[in-house]
Amino acid sequence: MANQTENKKTESIEKNVKDIQHYINGQFVDASSNEVFDNYNPFTNEKINAVASGDNEEINQAVSAARKAFQGKWGNLKLKDRLAYIYKIADLIDEYIDEIAPLESYDTGLPISQTKKMVARAAHNFRFYAEMVSSRLVGDAYQVDDEFLNYTIHKPVGIAGLITPWNAPFMLETWKIAPALATGNTVVLKPAEWSPLTANRLAEIIDKAGLPDGVFNVVHGYGEKVGASLVAHPDVELISFTGETTTGSEIMKNGADSLKQFSMELGGKSPIIVFDDADVDRALDACTWGIFSFNGERCTANSRLYIHENIADSFIERLKERVQNIVVGDPMKEDTQVGPLIHTDHYNNVKSYIDKAKEEGCDVYSGNVPEEMNRGNLIAPTILLNANNKMSIVQEEIFGPVIAAMTFKDEEEVIELANDIRYGLAGYVWTKDMQRGHRVAQKVDSGMLWINAQNVRDLRTPFGGSKHSGIGREGGHYAFEFYTEVQIIHVALGDHHIPQLGK
Ligand code: NAD
């Protein structure tokens, strides 16, 4: 029965999925060059549809529409009316959740049980930022005796260029769009070329919510072409980027001439440190979920396991059992836990890291991919045993269901090992000794750290990485620093001294 429902869902998507157009100035339009590229289903590697491939022309049109909307209707809305649109988008996402989640799984290979939660979070992103803006977007007042009252206001910056990756497309897009729009900016979104479907579903939803034309625009296409054009456009005031570290650095170079503001959410290779006094059952659950959820294509994945030598053997044995039991397969099925990787190029990349691990001296332990599913980009959950920090498979982000396992003797050693890397996105520490927990947490170089927890987000808190994992913070009121311009207004209350040159 369950299988029939899932097959029907897939058939219905196959039947209904349209080719992907840009969404510019409230209209769905083809590329002016008529160029397209193909989009593939990662479970079958069959073509899903064709995607409009944009270039300078579409970026110019989208930016000019966004500029007009910012200077016109959107920019002049009362806050209450602007936020009503944001709530409306959230309601519509909730209404269509059963349609968006399968679309996301079909396009990306992420298991449906996980995309459902991601889509629910996307709706929450809009509601959360509507609430944040109405309650926390406030200025400060500075009284200077009876001479001055100085105060700050937050103004939208203008046109926000948002560039997003394919690993959790819908959720990550809304994580940027919600604060950008709620604070009063207009948006040009450049989604990842491997996962275009739900970006257009969002455009349809925003269209249905009735936002004025030009407030939200989507331009599809290759990063080096359309992404680069958005970054270089002189009228785009800020770029919020999530993606690979090397792409982030390229974008910063390209945006330097137009003095863009940047928020950079980049790659990670995060450690999970398990001490021998930890709640091992919970640490094992968190470790397994943290690396194998989202098919391992997760920026905050705990891809480096440092396990205390006293408990290493038993912990690894139990991790191996989990790896054998994880259900690998069709992302459209409710019981699937790991689905196919996004694209054959990425699949080959992850495979080549597993081969490299063998060359570098690891023992590779993997689960199974069902024989009949070998058309897709499925990679079984994999543990790289006997790894060490000198290996490239420990230093580089693999971005698949692959964990490198290492042991340590004491606190000092594990802090050094955890920090011996260019990344600094997230970290996880497991111990019942809370003094040690805090000590280690504060010494690990990472933007975010969890003690005795999996990656549970509190949207009010700052999200972002240190070192090569990012620049700036989004989340909570931290996003206001990026999406708004603070203006200070000085008001003289009395007759303060003014030098009278030449009088
Ligand atoms: P990517 O860097 O290849 O692409 C991201 C986006 O940038 C895509 O839309 C792409 O088209 C665009 N792009 C590529 N070249 C560009 C250029 N020269 N100018 C402008 N845009 C360009 O990343 P990906 O492979 O899509 O995503 C995976 C990466 O994202 C991983 O490294 C992962 O860790 C990272 N990520 C980080 C976070 C975070 O919050 N820190 C979250 C999710 C993913």
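The model shown is predicted, which means the values in this text are computed figures rather than measured ones. Start at 1 and go down the list; that is how both ligands and their atoms are numbered.
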Under 4.0 Å from a heavy atom of Glu250: which atoms of ligand 1 are those, numbered in the order shown and with their elements?
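Counting atoms of ligand 1 from 1, those under 4.0 Å from Glu250 are 18 (N).
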
Atoms of ligand 1 less than 4.0 Å from Leu425 heavy atoms?
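Listed by number with element, the hits are 41 (N).
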
Among all protein non-hydrogen atoms, which one is nearest to [atom], and what is the separation to 0.1 Å?
{"atom": "atom 23 (O) of ligand 1", "answer": "Glu244 N, 3.4 Å"}
{"atom": "atom 8 (C) of ligand 1", "answer": "Thr164 O, 3.3 Å"}
{"atom": "atom 7 (O) of ligand 1", "answer": "Phe241 CE1, 3.2 Å"}
{"atom": "atom 44 (C) of ligand 1", "answer": "Asn167 OD1, 3.4 Å"}
{"atom": "atom 35 (C) of ligand 1", "answer": "Gly243 O, 3.3 Å"}
{"atom": "atom 2 (O) of ligand 1", "answer": "Thr247 OG1, 2.6 Å"}

Below 30° counts as parallel, above 60° as perpendicular, anything between as tilted: where do the rings of [X] and [Y] land?
{"X": "Phe28", "Y": "Tyr23", "value": "tilted"}
{"X": "His343", "Y": "Tyr40", "value": "perpendicular"}
{"X": "His346", "Y": "Phe399", "value": "perpendicular"}

For the pair Arg473 (side chain) and Gly465 (backbone), establish whether a donor and an acceptor sit closer than 3.5 Å, ignoring hydrogens and angles.
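Answer holds: yes.
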
Side-chain heavy atoms of Lys225 within contact of Glu193, under 4.5 Å
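Answer no - side chains too far apart.
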
Would you check if Ser258 and His233 make a side-chain contact, meaning some heavy-atom pair closer than 4.5 Å?
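SC-SC contact between Ser258 and His233 ruled out.
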
Structural part of [X] in contact with ligand 1, heavy atom criterion under 4.0 angstrom:
{"X": "Glu193", "result": "side chain"}
{"X": "Ile163", "result": "side chain"}
{"X": "Leu230", "result": "neither"}
{"X": "Leu266", "result": "backbone"}
{"X": "Phe399", "result": "side chain"}
{"X": "Glu397", "result": "side chain"}

Return the NZ to OG1 distance between Lys467 and Thr245, rounded to the nearest 0.5 Å.
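Reported value, rounded in 0.5 Å steps: 12.0 Å.
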
Against ligand 1, does Phe463 come closer than 4.0 Å with any heavy atom?
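The answer is yes, since Phe463 has a heavy atom less than 4.0 Å from ligand 1.
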
Using non-hydrogen atoms of the residue, decide whether Pro191 is closer than 4.0 angstrom to ligand 1.
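Contact check Pro191 vs ligand 1: positive.
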
